[in-house]
Amino acid sequence: GQQLNQSPQSMFIQEGEDVSMNCTSSSIFNTWLWYKQDPGEGPVLLIALYKAGELTSNGRLTAQFGITRKDSFLNISASIPSDVGIYFCAGPLQGGSEKLVFGKGTKLTVNP
Amino acid sequence: EPEVTQTPSHQVTQMGQEVILRCVPISNHLYFYWYRQILGQKVEFLVSFYNNEISEKSEIFDDQFSVERPDGSNFTLKIRSTKLEDSAMYFCASSRDRAEETQYFGPGTRLLVL
């Protein structure tokens with residue numbers, strides 16, 4: 001089935017640094033979603049991408065939908081302590097499915 | 001900003017007992033979903049619901065699970081006879097329309113089966 005592979009699994013950075021993480025798949029996705037999850041909370045939607053090549057920003061966050069439709073990256077600029085959490089990429093299965101497939105997440109730790 | 005709400009936030013139950021997890025989706029949304037996340041693992045799809053019926057379900061969603069929209073605002077997940085391995089965070093999500101495909105998640109119910 002369609003799987004989403006996220007890397008890196010975890011990151012430890014200093015406050016103020018920029019961060020980049022990505023998500024790849026062997027299958028084509030028509031939508032890429034990036035969520036952030038804080039401990040004990042639900043995933044919060046950060047950015048939604050709907051077109052190949054699309055580059056979208058949300059404050060200090062920027063995400064791009066890869067041209068091949070098999071990858072996406074998320075960048076966070078000038079990280080702050082509240083950026084700590086797990087970042088998931090997700091997308092709906094092809095063929096009209098409503099099911100979202102999630103990656104395993106990138107756990108981000110920001111040292112003040 | 002409208003959001004998905006879930007109750008209870010935590011539920012502890014004995015194995016074999018029935019539990020009902022409740023959700024209030026965003027008011028103008030038409031598609032509703034349940035997902036679960038076992039501790040330390042990724043979020044997994046359970047079921048989607050539209051127009052008062054299940055539109056899609058995963059292999060996890062077996063006969064012990066059921067969903068219902070008992071009125072115009074609530075959406076529930078019932079687990080009939082809980083097992084130890086049902087312990088997980090259960091998330092409700094909703095989306096405005098299928099074409100948009102952007103699902104908004106609730107804060108989750110942490111279920112612990114003893």
Side-chain angles (χ1 to χ4, degrees), chain A residues 1-10 21 23-25 28-52 54 56 58-59 63 65 69 72 85-107, chain B residues 1-7 9-10 21 23 25-26 29-51 53-61 88-112:
Chain A
Q2 290 174 299
Q3 301 286 332
L4 292 176
N5 303 304
Q6 282 190 252
S7 63
Q9 254 186 325
S10 59
M21 59 190 79
C23 193
T24 61
S25 174
I28 286 173
F29 278 78
N30 293 320
T31 299
W32 288 90
L33 306 170
W34 283 95
Y35 289 89
K36 178 181 182 240
Q37 186 179 30
D38 291 330
E41 302 287 328
V44 174
L45 183 68
L46 299 174
I47 292 179
L49 302 161
Y50 300 107
K51 269 172 49 175
E54 181 181 351
T56 298
N58 178 8
F65 193 146
R69 293 196 282 157
S72 176
I86 302 178
Y87 292 79
F88 291 100
C89 62
L93 285 182
Q94 285 223 299
S97 172
E98 293 147 23
K99 167 183 175 176
L100 278 187
V101 174
F102 278 76
K104 291 186 177 180
T106 292
K107 185 175 180 180
Chain B
E1 192 170 313
E3 55 185 25
V4 177
T5 59
Q6 290 186 242
T7 54
S9 57
H10 295 77
L21 310 183
C23 168
I26 294 172
H29 284 191
L30 300 176
Y31 292 82
F32 314 117
Y33 312 86
W34 283 100
Y35 290 80
R36 79 170 186 193
Q37 185 180 33
I38 294 170
L39 187 64
Q41 298 188 20
K42 62 181 178 180
V43 177
E44 299 174 290
F45 170 82
L46 291 177
V47 66
S48 59
F49 190 87
Y50 170 70
N51 201 25
E53 58 183 27
I54 291 174
S55 46
E56 192 172 346
K57 59 183 181 179
S58 73
E59 60 276 6
I60 302 168
F61 193 88
M89 281 287 280
Y90 287 81
F91 295 109
C92 174
S94 69
S95 64
R96 188 159 50 92
D97 65 69
R98 187 169 157 167
E100 191 183 7
E101 295 174 329
T102 300
Q103 297 176 22
Y104 295 87
F105 284 73
T109 293
R110 182 175 294 283
L111 176 66
L112 179 60

With distance as the sole test, does Y35(B) use its side chain to make a donor-acceptor pair with the main-chain N or O of K99(A) at under 3.5 Å?
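Checking the backbone N and O of K99(A) against the side chain of Y35(B), no donor-acceptor pair under 3.5 Å is found.
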How long is the gap from [atom1] on [X] to [atom2] on [Y], to the nearest 0.5 Å?
X: Q41(B); Y: K104(A); atom1: CD; atom2: NZ; value: 8.5 Å
X: L49(A); Y: T102(B); atom1: CG; atom2: OG1; value: 9.5 Å
X: Q37(A); Y: F105(B); atom1: CD; atom2: CZ; value: 9.5 Å

Taking all atoms of both residues into account, what is the closest heavy-atom pair of [X] and [Y], and its distance?
X: F88(A); Y: Q37(B); result: CZ-NE2, 3.6 Å
X: L45(A); Y: Y104(B); result: CD2-CE2, 3.8 Å
X: K42(B); Y: F102(A); result: CD-O, 3.3 Å

Under a 4.5 Å cutoff for heavy-atom pairs, which residue among S48(B), G40(B), C92(B) has the most contacts with chain A?
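Sorted descending by pairs with chain A, the first entry is S48(B).
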Max heavy-atom pairs within cutoff under 4.5 Å with chain A, candidates V43(B), L46(B), V47(B), goes to V43(B)
Contacting moiety of Q6(B), where chain A heavy atoms sit under 4.5 Å
neither
Could you go through the side-chain contact (heavy atoms from CB on, under 4.5 Å) check for E41(A) and F91(B) one step at a time?
CA-CA 9 Å; E41(A) 302 287 328; F91(B) 295 109; over 6 Å; no
